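The next block holds one structure in the form of structure tokens; read it before the comments.
Every value quoted in this text rests on a predicted model; they were computed, and no experiment measured them. Every heavy atom of this structure was used, including side-chain atoms; hydrogens, water molecules and symmetry mates were not.
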Amino acid sequence: MDSKVRVRFAPSPTGGLHLGGVRTVLFNYLFAKHHKGEFILRIEDTDQTRFVAGAEDYIQNTLAWCGLVPDESPLHGGAYGPYRQSERKPIYAKYAQQLIEQGNAYYAFDTPADLEQKRKEILNFQYSKAHRMEMKNSISLTEQEVTTLLENNTPYVIRIKVPDAEEVKFEDLIRGEVSFETSQVDDKVLLKADGMPTYHLAVVVDDHLMRITHAFRGEEWLPSAPVHILLWKYLFGLDQMPKWAHLPLILKPDGNGKLSKRDGERLGFPVFAMDWTDPATKETTIGFKERGFLPEAFVNLLAVLGWNDGTDKEIFTLQELIEGFSIDRVHKGGAKFDYEKAKWFNTEWIKQLNNQELAKLVRPILEKEGIEIHEDDYLVKVIGLVKERCHLLPDFITQSNFFFTPPIQIDTASILPKWDDKKKVFFTELAKNYAAKITDGHLTAAASDLETEFKNLAATQDLKPGDLMLPFRIMLVGGKFGPGVFDIVSCIEFKDAMQRINHCLSLLA
RNA sequence: GGCCGGUUCGUCUAUCGGCUAGGACAGCCCCCUUUCACGGGGCAAAGACGGGUUCGAUUCCCGUACCGGCUACCA
């Protein structure tokens with residue numbers, strides 16, 4: 001009770017981190033920080049066949065981007081390391097041995113082929129009481145046979161000996177009491193033939209050694225919970241066991257089933273937090289970051305997918321999430337991911353973020369497009385003008401590039417139908433006026449003044465301003481979009497505005 | 001198949017026995033805007049089904065249906 005809250009996120013480094021993974025991290029983090037506790041990152045790399053180079057760095061980078069920095073991790077160190085299970089290999093064998101001595105585990109010598117054969121022969125084969133005696137293990141074999149097998153270095157695994165007819169139950173922080181009949185659970189492998197532990201053993205041993213107080217993980221782990229409960233009982237005592245919470249799954253938007261990388265590709269939205277390039281295939285999977293999401297928005301949208309604070313509030317800062325988070329307000333049911341709503345969160349965050357901060361993020365995106373930015377102040381001003389029409393960061397490209405360079409594509413087709421000599425005269429005159437301003441030493445003017453002058457000029461020529469606005473807009477930005485025309489003129493200044501008018505006039509001639 | 005879990009508008013969700021079932025996204029309409037957005041207003045849209053318990057069930061219990069997860073020397 002009075003011991004410090006310690007939680008862990010324990011991914012296996014097999015590829016990019018998807019939405020569900022990041023949300024698991026987030027809930028862990030929020031819970032820990034809410035209780036002024038510690039958040040640990042532990043890398044579960046016990047399956048050497050699935051290990052993918054770079055995946056661990058990717059995980060660390062993703063956490064950093066999201067602002068969910070671990071207190072202890074392979075990178076940050078800590079008092080309970082090492083934090084990579086592959087580096088803890090010797091530890092697990094000791095506990096497996098202890099279980100054997102206690103009679104809670106046993107050696108099994110069946111080869112993969114033996115098992116495959118057995119599964120073919122018997123429908124719904126389970127390595128458990130029902131078939132244990134038909135297999136090659138230290139329960140079915142005599143002591144002498146086992147000793148010989150061991151002395152000959154016969155490959156073996158260690159399996160948990162699940163008790164006969166017991167009820168295993170535990171209190172899930174989200175689901176309440178969950179119980180299992182042990183006759184339904186099989187003798188899971190604890191230690192593999194290569195000496196590595198399986199998840200089942202490793203998670204229990206490490207959670208104990210790392211003093212984990214609360215263990216949150218995806219719902220897909222619920223069925224193996226009884227194995228872990230049993231292991232806790234045999235090894236460290238149930239009173240030492242962390243509190244469990246099994247998080248609901250994030251489901252695909254259409255149809256059924258949990259969200260996968262393929263769904264994102266199919267439906268055209270990211271599933272990974274950041275870009276991930278598979279080192280083997282060189283195939284890159286797009287991430288939320290690169291798609292133009294702000295980390296604040298990403299964290300926000302994930303947090304409210306399956307959790308809410310009981311009010312109508314939807315926009316939360318990380319700090320607000322920490323303060324308001326509680327595990328018992330997490331949903332039981334899975335949630336379908338809605339990309340449209342996800343974008344809405346980003347739109348909101350773009351509006352919330354101040355222009356200076358936004359400028360830092362937008363600048364590299366524009367520069368990558370070959371847009372030259374000479375002054376920071378100018379960029380900040382432009383961002384203020386266009387931010388409310390941007391949903392994703394790359395939207396700033398189309399929304400603001402005409403502030404930096406004259407439009408290349410000009411939608412003259414939208415001007416032509418109503419174009420006539422009167423308008424031509426007007427714009428020729430307008431350009432001259434701007435030229436005169438420059439001669440007088442004026443670079444620019446306030447938008448409201450520009451508008452007044454524009455309307456006055458229109459009046460003297462007996463033209464309706466309304467008929468002139470669209471052509472003017474297209475001359476300036478190339479199409480029917482963007483902020484108010486006079487804001488644009490004010491921003492790009494007389495010289496540039498004049499050139500764009502003249503250029504367009506020549507196109508229309 | 002077995003085990004476990006889940007089930008409120010199309011989607012995310014509020015409701016902890018008393019509701020004309022609220023909000024948000026998406027959709028549609030209107031206003032604002034001489035562009036596109038933003039913003040404001042409005043419309044439409046839900047308690048899987050059947051039994052109980054109760055004065056009263058979306059809320060509690062049971063059953064059914066449907067959906068999902070797991071069922072590896074993967075996590």
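- Checked against the 6.0 Å centroid threshold, A:F298 and A:F293 do not count as a close aromatic pair.
- Comparing the C1' positions of B:rC67 and B:rC29 gives an interatomic distance of 36 Å, to the nearest angstrom.
- A 3.5 Å limit on both hydrogen-bonding distances identifies no Watson-Crick or G-U partner for B:rA57.
- In this entry the distance linking CG of A:L301 with P of B:rA24 reads 18 Å, nearest Å.
- When rounded to the nearest whole Å, the span between NZ of A:K418 and C1' of B:rU34 equals 11 Å.
- Within the 4.0 angstrom heavy-atom criterion, no nucleotide atom of any strand lies near A:V203.
- Under 4.0 angstrom from either OP1 or OP2 of B:rG2 there lies no side-chain N or O belonging to A:N124.
- Between B:rG51 and B:rG18, the two P atoms lie 23 Å apart (nearest whole Å).
- Remark: aromatic rings of A:F27 and A:W307 are distant, center separation not under 6.0 Å.
- Distance check on atom C1': B:rC55 versus B:rA24 gives 36 Å, rounded to whole Å.
- Across the protein-nucleic acid pair, A:N300 atom CG and B:rC12 atom P stand 17 Å apart, rounded to whole Å.
- Screening residues 382-407 of chain A for side-chain hydrogen bond (donor to acceptor under 3.5 Å, both in side chains) gives A:T347-A:H391 as the qualifying pairs, with residues at least two apart or on separate chains.
- At the heavy-atom level, A:F345 lies nowhere under 4.0 Å from the strands shown.
- Here B:rU34 presents its P atom at 17 Å from NZ of A:K423, a figure rounded to the nearest Å.
- When each of B:rG6, B:rA75, B:rC25 is scored by its nearest atom to the side-chain atoms of A:D338, the top-ranked nucleotide is B:rC25.
- For B:rC30 and B:rU13, the C1' atoms lie 28 Å apart once the distance is rounded to whole Å.
- Between A:N308 atom CG and B:rU8 atom C1' there is a gap of 13 Å when expressed in whole angstrom units.
- Rounded to whole Å, the separation between the P atoms of B:rG6 and B:rC61 comes to 11 Å.
- Rounded to an integer number of Å, the gap from CG of A:D172 to C1' of B:rG6 is 13 Å.
- If you check B:rA75, B:rU34, B:rC12 against the side chain of A:R50, the one that comes closest is B:rA75.
- In this structure, A:V477 reaches neither bases nor backbone, as no heavy-atom distance under 4.0 Å exists between it and the strands shown.
- Counting non-hydrogen atoms under 4.0 angstrom, A:H331 reaches the backbone sugars and phosphates but no base.
- By the rule that a glycosidic angle within 90° of 0 means syn, B:rC43 does not qualify and counts as anti.
- Side-chain contact between A:K418 and A:K423 is present, with heavy atoms from C-beta onward closer than 4.5 Å.
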- Task: Scan nucleotides 35-45 of chain B nucleotide by nucleotide, 5' to 3', and note B when protein non-hydrogen atoms come under 4.0 Å of the base, S if they reach only the sugar-phosphate, - if neither.
- Result: BBBSS------
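- For the P atom pair drawn from B:rU58 and B:rG50, the interatomic distance equals 11 Å after rounding to whole Å.
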Which side-chain N or O atoms in residues 333-342 of chain A pair as donor and acceptor under 3.5 Å with protein atoms at least two apart or in another chain?
| from | atom 1 | to | atom 2 | distance (Å) |
| --- | --- | --- | --- | --- |
| A:D338 | OD1 | A:E340 | N | 3.1 |
| A:K341 | NZ | A:E314 | OE2 | 2.9 |

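- Between A:W307 atom CH2 and B:rA24 atom P the separation is 18 Å, expressed in whole Å.
- With a 4.5 Å cut-off on side-chain heavy atoms, A:V178 and A:F180 count as touching.
- Across B:rC60 and B:rA14, the matching P atoms stand 13 Å from one another, rounded to whole Å.
- Among residue pairs with one or both ends in residues 193-206 of chain A, those qualifying as side-chain hydrogen bond (donor to acceptor under 3.5 Å, both in side chains) are A:Q85-A:D206, A:R88-A:D206, A:Y92-A:D206, A:Y199-A:R217, A:H200-A:H228; sequence neighbours excluded.
- Partner assigned to B:rC28 is B:rG42, using Watson-Crick or G-U wobble distances below 3.5 angstrom.
- Nearest-nucleotide positions on RNA chain B for A:P197 and A:G310 put A:G310 closer to the 5' end.
- Of the C1' atoms belonging to B:rC66 and B:rC74, the separation is 30 Å, rounded to the nearest Å.
- Between A:R329 and B:rU15 there is a side-chain polar atom (N or O) within less than 4.0 angstrom of OP1 or OP2.
- Taking the six-membered ring where the residue is Trp, the centroids of A:W232 and A:F170 are separated by 6.0 Å or more.
- Ring centers of A:F486 and A:F454: under 6.0 Å apart, within the cut-off.
- Nucleotide B:rC4 is matched to B:rG68 when pairs are restricted to Watson-Crick or G-U wobble geometry with both distances under 3.5 angstrom.
- Across all strands shown, B:rC16 forms no Watson-Crick or G-U wobble pair with both distances under 3.5 Å.
- Between the side chain of A:D45 and the main chain of A:S86, a donor-acceptor pair closer than 3.5 Å is present.
- Ranked by how close their nearest RNA chain B nucleotide is to the 5' end, A:S12 and A:D467 are led by A:D467.
- When both pairing distances are held under 3.5 Å, B:rC49 makes a Watson-Crick or G-U pair with B:rG63.
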- Message: Please encode protein proximity along nucleotides 64-73 of chain B as a string of B, S and -, counting only heavy-atom distances under 4.0 Å.
- Response: ---SSBS-SB
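- In this structure, CG of A:D312 is placed 12 Å from P of B:rG22, rounded to the nearest angstrom.
- Within the 4.0 angstrom heavy-atom criterion, only backbone atoms of the sugar-phosphate kind lie near A:S179; the bases stay farther away.
- Side-chain atoms of A:K341 and base atoms of B:rA26 include no donor and acceptor less than 3.5 Å apart.
- The salt bridge (charged side-chain N to carboxylate O under 4.0 Å, His left out) check on A:R159 picks up nothing, with sequence neighbours excluded.
- Within 6.0 Å of the NZ atom in A:K252, the count of heavy atoms belonging to other residues, nucleotides or ligands exceeds 12.
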